[in-house]
Amino acid sequence: MDVLDFKALSDHITDDWKNFPISEINDHVVRLSVLQRDFHWHKHTVSDEFFYVIEGQLLVDFEGETKEVNPGQMIKVPKNVMHRTRSNQRTVLLCFETADNDIEGS
């Protein structure tokens, strides 16, 4: 029953991309991500993926369109949908997915 502080967990991170688990809920994992670059194109074959933006702006590229996700907003990426996350600025977000979520892509 720990209280987590996103600011304390993310303030010291200076990497262009850092993604790490902060909690598990049943068969799901909650990851804190700090990014300011592109992640590779991929899809998750086991379950959907859900992003909640805390700070910055997340860009989620799909084949043919890009969605902008701003602080306080969220987006679900259905399983088996090819996508890429990226940001042009420091962005902090939570990612929810099953613990065994398989990734396919380049």
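Each residue takes its place number in the sequence, starting with 1.
- Between the H42 side chain and the H40 main chain, a donor and an acceptor come within less than 3.5 Å of each other.
- Applying the salt bridge (charged side-chain N to carboxylate O under 4.0 Å, His left out) test to every pair with at least one member in residues 25-41, sequence neighbours left out, gives these pairs: R31-E97, D38-R84.
- Grouping the Ile, Leu, Val, Met, Phe, Trp and Tyr side chains by contacts below 4.5 angstrom, directly or via other members, places V60 apart from M74.
- Listed here is the closest heavy atom pair of K67 and E65: CE-OE1, 3.3 Å.
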(request) Before giving the answer on side-chain contact (heavy atoms from CB on, under 4.5 Å), spell out for L59 and E68 the whole-Å C-alpha distance, their side-chain angles and the decisive distance to 0.1 Å. (result) CA-CA 5 Å; L59 302 172; E68 294 180 3; 3.5 Å; yes
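- Heavy-atom minimum distance, P71 versus G56: CD-O, 3.0 Å.
- Partners of D5 by side-chain contact (heavy atoms from CB on, under 4.5 Å), not counting sequence neighbours, listed by chain and number: K7, A8.
- Residues satisfying the ring pair (Phe, Tyr, Trp, His ring centres under 6.0 Å) test with F50, not counting sequence neighbours, are F96.
- Residues F62 and M82 do not share a hydrophobic cluster, clusters being chains of Ile/Leu/Val/Met/Phe/Trp/Tyr side chains in contact below 4.5 Å.
- For the pair L32/L93, no side-chain contact is recorded, criterion being any heavy-atom separation below 4.5 Å from C-beta on.
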Contacts table for residues 16-23: side-chain donor-acceptor under 3.5 angstrom, sequence neighbours left out:
unit_1 : atom_1 : unit_2 : atom_2 : d
N19    : OD1    : S33    : OG     : 2.8

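- When the side-chain hydrogen bond (donor to acceptor under 3.5 Å, both in side chains) test is applied to S10, no partner is found at least two apart in sequence or on another chain.
- Following chains of ILVMFWY side-chain contacts shorter than 4.5 Å, one cannot reach L58 starting from V30, and the two form parts of different hydrophobic clusters.
- Linking Ile, Leu, Val, Met, Phe, Trp and Tyr residues whenever their side-chain heavy atoms come within less than 4.5 Å leaves V69 and Y52 in two separate clusters.
- A heavy-atom distance below 4.5 Å is found between the side chains of I54 and L94.
- Side-chain contact check for V92 versus V53: every heavy-atom pair is 4.5 Å or farther apart.
- Here the side chains of V34 and D15 are not in contact, with every heavy-atom distance at 4.5 Å or above.
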(message) Please determine whether side chain to side chain donor-acceptor pair (under 3.5 Å) holds for the pair E49 and H83, giving the CA-CA distance in whole Å, both sets of side-chain angles, and the decisive distance to 0.1 Å.
(response) CA-CA 11 Å; E49 187 174 30; H83 65 285; 3.0 Å; yes
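- The pair R90-E55 meets the salt-bridge criterion, since a charged nitrogen lies less than 4.0 angstrom from a carboxylate oxygen.
- Residues satisfying the side-chain hydrogen bond (donor to acceptor under 3.5 Å, both in side chains) test with T66, not counting sequence neighbours, are D61.
- D48 and K79 are not joined by a salt bridge, as no carboxylate oxygen comes within less than 4.0 angstrom of a charged side-chain nitrogen.
- Between Q89 and Q36, the side chains place no donor N or O within less than 3.5 Å of an acceptor N or O (distance only, hydrogens not considered).
- A donor-acceptor contact shorter than 3.5 Å is absent between the side chain of T45 and the backbone of N80.
- Using a 4.5 Å cut-off on side-chain heavy atoms (C-beta onward), T85 and F51 make contact.
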